[in-house]
Enquirer: 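Have a look at the structure that comes next, please.
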Amino acid sequence: MPGHIPVLFPDVLQQLNLQPNDDAIDATLGGGGHAKGLLEAIAPNGRLLALEADPRTLTQTRSDLNTIGSRLVAVNANFR
């Protein structure tokens, strides 16, 4: 599965107004496009809780983002 390329991410990031070391939640992890950008925005110590309902997608995206390390907490859960 190719990674997700978020088309409106700069606008989303501006509205969130994240700062270095903030914590954030990505309630629909999917291919990890937003998650990767969020982690960059909250570096160096900010953590991201990412939820993904599909266990196969979660496994693949975790593998794709494995360089992030302990700052990414990705779990199999529905955003509801």
Side-chain angles (χ1 to χ4, degrees):
M1 170 176 63
H4 172 73
I5 300 172
V7 293
L8 296 174
F9 185 71
D11 297 322
V12 170
L13 194 59
Q14 180 180 6
Q15 291 299 312
L16 290 174
N17 192 31
L18 293 170
Q19 303 299 311
N21 305 318
D22 280 350
D23 293 330
I25 297 173
D26 183 345
T28 55
L29 178 61
H34 282 96
K36 183 177 179 186
L38 292 170
L39 284 161
E40 290 171 3
I42 61 177
N45 297 313
R47 295 185 342 148
L48 179 68
L49 171 61
L51 310 177
E52 176 52 51
D54 182 344
R56 291 173 295 168
T57 300
L58 178 64
T59 299
Q60 180 62 51
T61 304
R62 268 188 188 148
S63 176
D64 293 346
L65 297 175
N66 70 357
T67 59
I68 303 301
S70 63
R71 294 192 319 110
L72 173 66
V73 179
V75 295
N76 182 218
N78 189 295
F79 66 89
R80 287 183 255 156

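Sequence positions, counted from 1, serve as the residue numbers for this chain.
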Enquirer: Do L72 and F79 belong together in a cluster built from hydrophobic side chains that touch within less than 4.5 Å?
Expert: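 No: no chain of side-chain contacts under 4.5 Å links L72 to F79.
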
Enquirer: Pairs of donor and acceptor atoms involving the side chains of residues 37-55, under 3.5 Å and at least two apart or interchain, shall be tabulated with distances.
Expert:
| residue | atom | partner | partner atom | Å |
| --- | --- | --- | --- | --- |
| E52 | OE1 | G30 | N | 2.7 |
| E52 | OE2 | D54 | N | 3.0 |
| D54 | OD1 | R56 | N | 2.9 |
| D54 | OD2 | T57 | OG1 | 3.2 |

Enquirer: At what distance, to the nearest 0.5 angstrom, does CG of N78 lie from OG1 of T28?
Expert: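 Between N78 CG and T28 OG1, I get 10.5 Å after rounding to 0.5 Å.
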
Enquirer: Does a donor on one side chain sit under 3.5 Å from an acceptor on the other, for Q60 and D64?
Expert: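 Present: a donor and an acceptor within the cut-off.
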
Enquirer: Assigning hydrophobic clusters by single linkage (Ile, Leu, Val, Met, Phe, Trp, Tyr; side-chain heavy-atom cutoff under 4.5 Å), is L65 placed with V12?
Expert: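 They do share one cluster, since a chain of ILVMFWY contacts under 4.5 Å joins L65 to V12.
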
Enquirer: Quick one: CG on N21 to CZ on R71, what's the gap to the nearest 0.5 Å?
Expert: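 Going from the CG atom of N21 to the CZ atom of R71 covers 8.5 Å.
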
Enquirer: Locate the shortest heavy-atom distance separating D22 from Q19; write the atom from each residue and the value.
Expert: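 Looking at all heavy atoms of both residues, the closest pair is OD2-N, 2.7 Å.
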
Enquirer: If you count every heavy atom of other residues, nucleotides or ligands that lies below 6.0 Å from I25 atom CD1, does the total exceed 12?
Expert: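 12 or below, so no.
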
Enquirer: To the nearest 0.5 Å, tell me how far D26 CG sits from T61 OG1.
Expert: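 Here the interatomic distance stands at 10.0 Å.
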
Enquirer: Apply ring-ring contact (aromatic ring centres under 6.0 Å, His included) to F9 and list each qualifying residue two or more places apart in sequence or on a separate chain.
Expert: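 ring-ring contact (aromatic ring centres under 6.0 Å, His included) check on F9 returns H34.
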
